[in-house]
Asker: 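Handing you this structure, nothing more for now.
Each chain gets a letter, A, B and so on, in the order its sequence line appears, and its residues count up from 1. Atom set for the values below is all heavy atoms of this structure, side chains included, hydrogens, waters and symmetry mates excluded.
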Amino acid sequence: VISYTALLRGYGKLKSFDRMKEVWRQLMMSRCKPDVRLCTETITLFGREGMLEDAEAVFDFMLKQGLLPDTITYTSLMHGYVCQGLWEGAESVLRKGLQAGAIRDDVPYSILVNAYVKAGRHEQYDDILGQMEKDGVKPTIVTFNALINAYSKAGAPDKARKAFERMQETGCEATAITYTSLMEAYARCGQTEISEYILVEMRNGGTEPDSIAYAVVINGYCQSGQLANAEKIFRTMVNSGCKPQPAIYNSLMNTYANQKNTVEAERICRLMEAAGHKPTASTFNTLIGMYIKAGRRTTAEQTYARMQESKCNPD
RNA sequence: GGGGCGACUCCA
């Protein structure tokens with residue numbers, strides 16, 4: 001059993017799934033009795049790679065062996081369904097787990113929320129917490145993060161905010177992910193000033209914004225063309241020692257390019273290089289497109305040449 | 001611990 005475990009883990013890490021299947025087949029034919037943990041680990045590995053039939057086969061095998069699937073087993077199997085976008089499958093696994101009395105924590109519910117998000121089934125979010133209460137399972141911060149993100153994707157910042165308040169009442173502590181999801185909910189529907197306000201709330205609450213948190217607010221301002229505000233947040237980010245990722249520079253550049261502000265777009269590009277980021281394909285495309293629209297063909301061609309030198313693929 | 005959450009990008 002020990003060597004089978006090692007083999008499965010090893011092949012799982014290497015993503016050699018044919019080998020994993022082979023090892024599993026041999027294990028089933030051998031007289032070894034794998035334990036719940038090994039079976040669950042195998043279900044996770046198969047499920048992550050979309051090999052649902054194999055994951056289900058392992059699950060059936062457990063039942064035949066008289067092994068009792070635990071809460072993690074059901075969760076792993078659900079996750080497999082979610083990876084394939086099969087929310088109905090995930091639901092039915094959860095039902096089975098509940099019938100078996102095996103569901104012990106909030107993880108399956110958070111996963112279910114993500115399944116609904118993936119399928120755009122926004123109507124389902126409101127029932128989750130009630131369902132959990134009925135099942136006697138307490139939500140955690142991850143449950144609330146999933147819900148806030150779900151409402152954000154549904155374009156319902158007010159509901160996201162309510163979920164946030166509910167989280168506070170429950171005594172859960174917000175993480176950077178919690179705030180970022182909430183900020184995104186507002187940023188997505190153009191409520192950029194509120195998303196900036198949440199950034200402040202976040203810092204006051206003792207959570208240091210990371211580069212994703214800043215990126216959400218900056219992108220929000222960029223998308224609504226509020227470059228002065230975007231630049232302001234950008235400076236706060238840099239001043240607080242947070243390193244902007246290339247995507248943020250591209251987003252600023254893009255906005256300047258859309259506004260036909262070549263001078264500022266070039267400035268951002270230099271800033272990016274000064275920060276040690278090579279311009280990406282998207283950077284060059286923005287610049288070239290901008291020069292062409294401005295009728296500066298030679299500059300566009302020079303930029304194109306630069307792009308080829310720096311071995312970036314044009315698209 | 002064998003399981004779950006955030007922008008952009010990529011893939012479908």
Side-chain angles (χ1 to χ4, degrees), chain A residues 5 8-9 12-13 34-48 50 55 58 62 67 69-85 90 93-94 97 102-118 128 137 139-153 160 163-164 167 172 174-188 195 198-199 202 207 209-223 233 237 244-254 280-283 285 313 315:
Chain A
T5 310
L8 280 169
R9 283 203 189 126
K13 279 231 166 94
D35 60 358
V36 173
R37 185 164 155 170
L38 174 58
C39 292
T40 302
E41 208 169 325
T42 311
I43 289 175
T44 306
L45 292 170
F46 282 142
R48 274 191 193 137
V58 177
M62 289 179 77
L67 293 172
D70 62 15
T71 186
I72 301 185
T73 315
Y74 285 100
T75 312
S76 301
L77 192 53
M78 281 181 71
H79 191 238
Y81 278 96
V82 178
C83 287
Q84 302 298 108
V93 173
L94 176 58
I103 305 299
R104 291 298 206 5
D105 58 28
D106 66 297
V107 183
Y109 298 89
S110 307
I111 290 185
L112 193 58
V113 171
N114 298 143
Y116 292 144
V117 172
K118 225 173 154 179
I128 296 286
V137 176
T140 69
I141 185 59
V142 181
T143 323
F144 289 110
N145 288 349
L147 278 171
I148 294 170
N149 177 246
Y151 285 126
S152 160
K153 295 279 158 38
F164 185 87
M167 171 219 83
C172 286
T175 65
I177 295 180
T178 320
Y179 288 107
T180 305
S181 304
L182 188 59
M183 292 190 296
E184 231 241 315
Y186 287 102
R188 276 171 71 93
S195 91
I198 295 165
L199 190 70
M202 179 177 182
T207 307
D210 57 17
S211 62
I212 299 185
Y214 285 113
V216 167
V217 182
I218 293 174
N219 278 331
Y221 276 134
C222 284
Q223 272 155 31
I233 306 295
M237 167 164 63
Q245 290 161 286
I248 299 183
Y249 293 98
N250 285 335
S251 165
L252 284 166
M253 263 194 45
N254 241 306
T280 66
S282 139
T283 315
N285 286 331
N313 352 331
D315 50 31

Asker: Using a 4.0 Å heavy-atom cut-off across all strands, classify Asp105(A) as base, sugar-phosphate, or nothing.
Answerer: base

Asker: Would you kindly say whether Thr73(A) and Ser76(A) are connected by a side-chain donor-acceptor distance under 3.5 Å?
Answerer: no

Asker: Measure CD1/Ile148(A) against P/G4(B) and give the value in whole Å, please.
Answerer: 20 Å

Asker: Just N and O in the side chain of Arg48(A): are any of them under 4.0 Å from OP1 or OP2 of G3(B)?
Answerer: yes

Asker: Hey, is the main chain of Arg104(A) close enough, under 3.5 Å, to the side chain of Thr71(A) for a donor-acceptor pair?
Answerer: yes

Asker: How long is the line joining CD1 of Ile177(A) and P of G4(B), in whole Å?
Answerer: 12 Å

Asker: Round to the nearest Å and state the distance from Tyr214(A) atom OH to A7(B) atom P.
Answerer: 19 Å

Asker: For Ile111(A), report the nucleic acid contact type (base, sugar-phosphate, nothing); a contact means any heavy atom under 4.0 Å.
Answerer: sugar-phosphate

Asker: Which stems does RNA chain B form, counting runs of 3 or more consecutive Watson-Crick or G-U wobble pairs with both distances under 3.5 Å?
Answerer: none

Asker: Assign Ser211(A) to base, sugar-phosphate, or nothing according to its heavy-atom contacts below 4.0 angstrom with the strands shown.
Answerer: nothing

Asker: To the nearest angstrom, how far is Ile103(A) atom CD1 from G4(B) atom P?
Answerer: 15 Å

Asker: Taking the side chain of Thr71(A) as heavy atoms from C-beta outward, which of G3(B), C5(B), G6(B) is closest to it?
Answerer: G3(B)

Asker: Report yes if at least one side-chain N or O of Lys118(A) is closer than 4.0 Å to OP1 or OP2 of G4(B); otherwise report no.
Answerer: no

Asker: Output, in order, the C-alpha distance, side-chain angles, deciding distance and verdict of side chain to side chain contact (heavy atoms under 4.5 Å, CB included) for Thr178(A) and Leu182(A).
Answerer: CA-CA 6 Å; Thr178(A) 320; Leu182(A) 188 59; over 6 Å; no

Asker: With no hydrogens and no angle check, just 3.5 Å: does a side-chain donor-acceptor pair link Asn254(A) and Ser251(A)?
Answerer: no

Asker: Which whole-number value in Å describes the distance from Leu199(A) CG to A7(B) P?
Answerer: 16 Å

Asker: Would the distance check show the side chain of Ser181(A) and the main-chain N or O of Ile177(A) forming a donor-acceptor pair, the cut-off being under 3.5 Å?
Answerer: yes

Asker: G6(B), G3(B), G4(B): which one has an atom nearest the side-chain heavy atoms of Asp210(A)?
Answerer: G6(B)

Asker: What nucleic acid atoms does Ala187(A) come within less than 4.0 Å of, heavy atoms only: base, sugar-phosphate, or nothing?
Answerer: nothing

Asker: Could you work out which one of G3(B), G4(B), G6(B) sits closest to the side chain of Ala176(A)?
Answerer: G6(B)

Asker: Can you tell me the distance, in whole Å, between the CE atom of Met202(A) and the P atom of G6(B)?
Answerer: 15 Å

Asker: Would you kindly check whether a donor in the side chain of Asp106(A) faces an acceptor in the base of G4(B), or vice versa, at under 3.5 angstrom?
Answerer: yes

Asker: What nucleic acid atoms does Arg188(A) come within less than 4.0 Å of, heavy atoms only: base, sugar-phosphate, or nothing?
Answerer: nothing

Asker: My understanding is that only one of Phe144(A), Tyr151(A), Tyr179(A) makes a ring-ring contact (aromatic ring centres under 6.0 Å, His included) with Phe164(A); could you say which?
Answerer: Tyr179(A)

Asker: Measure from CD1 on Ile248(A) to P on A7(B) and round the result to the nearest Å.
Answerer: 14 Å

Asker: Any N or O donor-acceptor pair under 3.5 Å from the base of G6(B) to the side chain of Thr180(A)?
Answerer: yes

Asker: Regarding Ser110(A), tell me which of base, sugar-phosphate or nothing describes its non-hydrogen contacts under 4.0 Å with the strands shown.
Answerer: base

Asker: Please check this pair: side chain of Lys118(A) against backbone of Cys83(A), looking for a donor-acceptor N/O pair closer than 3.5 Å.
Answerer: yes

Asker: If I take atom CG in residue Leu112(A) and atom P in nucleotide C5(B), what distance separates them, rounded to the nearest angstrom?
Answerer: 14 Å

Asker: Base, sugar-phosphate or nothing for Pro246(A)? Non-hydrogen atoms, less than 4.0 Å.
Answerer: nothing

Asker: Under 4.0 Å, counting only non-hydrogen atoms across every strand here, what does Thr40(A) touch: a base, just sugar-phosphate, or nothing?
Answerer: base

Asker: What is the distance from atom CG of Leu38(A) to atom CG of Leu8(A), rounded to the nearest 0.5 Å?
Answerer: 6.0 Å

